[in-house]
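In this chain, numbering begins with 1 at the start of the sequence shown. Just so it is clear, the model here is predicted, and its values are computed rather than measured.
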Amino acid sequence: MAIETPEYILLDSEERFELREYKPFLVAKTTVENDYKEATIAGFRKIANYIFGGNKSQLSIAMTAPVIANVPNDKRTYDIIFVMPKKHTLSSLPVPNDNQVKIETHNLGKTAVVKFGGWATKSRTEYYKKELEEFLKKKNYIAKNVFLVAQYNSPWVIPPFRKNEILISIQ
């Protein structure tokens, strides 16, 4: 069974890099202040609780991919984002029990991406962010938001089979 992911049109591709145009999609999001690893674990748990019935309707919501977070930063503030299944609308999604979980529309639009495997650790995400920054310079793309890391696999998938991406919306 394939896991649902956000829809996009592939505009260009060069080795590990892609240029995509995403359609807007609904997300459940929380913001956590902590170091990268702890923030992503805490944020994941908050939103997992929401989709596993921690909402006013006690509705279970299907897991999708990827789980998205800000790339490690000096502010130590991270948005942790779960993509909601396409069948839902803002009005059909239940209200979270936790007021730190927000439901909103996310619009990446035109996005530059670098793909990588293994674990999306702090050092690896920083490394691939730099690679994507160099790609942006080479192509004269202008970043218009923060860099994000997208992780597509459950924690039980071993590193050689893991799929991750660094994404940045561009002008």
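- At a threshold of 4.5 Å between non-hydrogen side-chain atoms, the residues Tyr36 and Thr121 do not count as touching.
- Using a 3.5 Å distance cut-off with no hydrogens or angles, the side chains of Glu165 and Tyr152 do pair a donor with an acceptor.
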Item checked: Phe44 and Phe82: CA distance, side-chain angles, deciding distance, ring pair (Phe, Tyr, Trp, His ring centres under 6.0 Å) verdict -> CA-CA 8 Å; Phe44 183 94; Phe82 279 28; 5.2 Å; yes

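- Minimum interatomic distance between Ile80 and Thr40 (heavy atoms only, all atoms of both residues): CD1-CA, 3.8 Å.
- Here the side chains of Val113 and Ile166 are not in contact, with every heavy-atom distance at 4.5 Å or above.
- Ile68 approaches Val83 most closely through the heavy-atom pair CD1-CG2, 4.3 Å.
- Note on Lys23 versus Glu7: salt bridge recorded, some NZ/NE/NH1/NH2 to OD/OE distance being below 4.0 Å.
- Under the rule for a side chain to side chain contact (heavy atoms under 4.5 Å, CB included), the partners of Lys102 that lie at least two apart in sequence or sit in another chain are Glu104.
- Smallest separation of non-hydrogen atoms from Val32 and Ala39: CG1-CA, 3.7 Å.
- Phe135 and Phe17 have parallel rings, their planes meeting at less than 30° on a 0 to 90° scale where 60° marks the start of perpendicular.
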Next item on the list: Determine, stepwise, if the pair Lys138 / Glu14 fulfils salt bridge (charged side-chain N to carboxylate O under 4.0 Å, His left out).
Entry: CA-CA 12 Å; Lys138 177 177 139 187; Glu14 183 179 310; 2.6 Å; yes

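- Looking at every heavy atom in both residues, Thr30 comes nearest to Gln100 through OG1-O, 2.9 Å.
- Between Glu33 and Lys75 there is no salt bridge, since no side-chain N of the basic residue sits under 4.0 Å from a carboxylate O of the acidic one.
- Ion pairing between Arg76 and Glu38 fails under the 4.0 Å rule for side-chain N and carboxylate O.
- The nearest pair of heavy atoms linking Asn145 to Ile168 is O-CD1, 2.9 Å.
- The cluster map of Ile, Leu, Val, Met, Phe, Trp and Tyr, joined by side-chain heavy atoms under 4.5 Å apart, puts Ile41 and Val67 in different clusters.
- Between the side chain of Tyr22 and the backbone N or O of Ser169, no donor-acceptor pair lies under 3.5 Å.
- Nearest heavy-atom pair, Asn97 versus Lys56, reported as atom, atom and distance to 0.1 Å: OD1-N, 3.2 Å.
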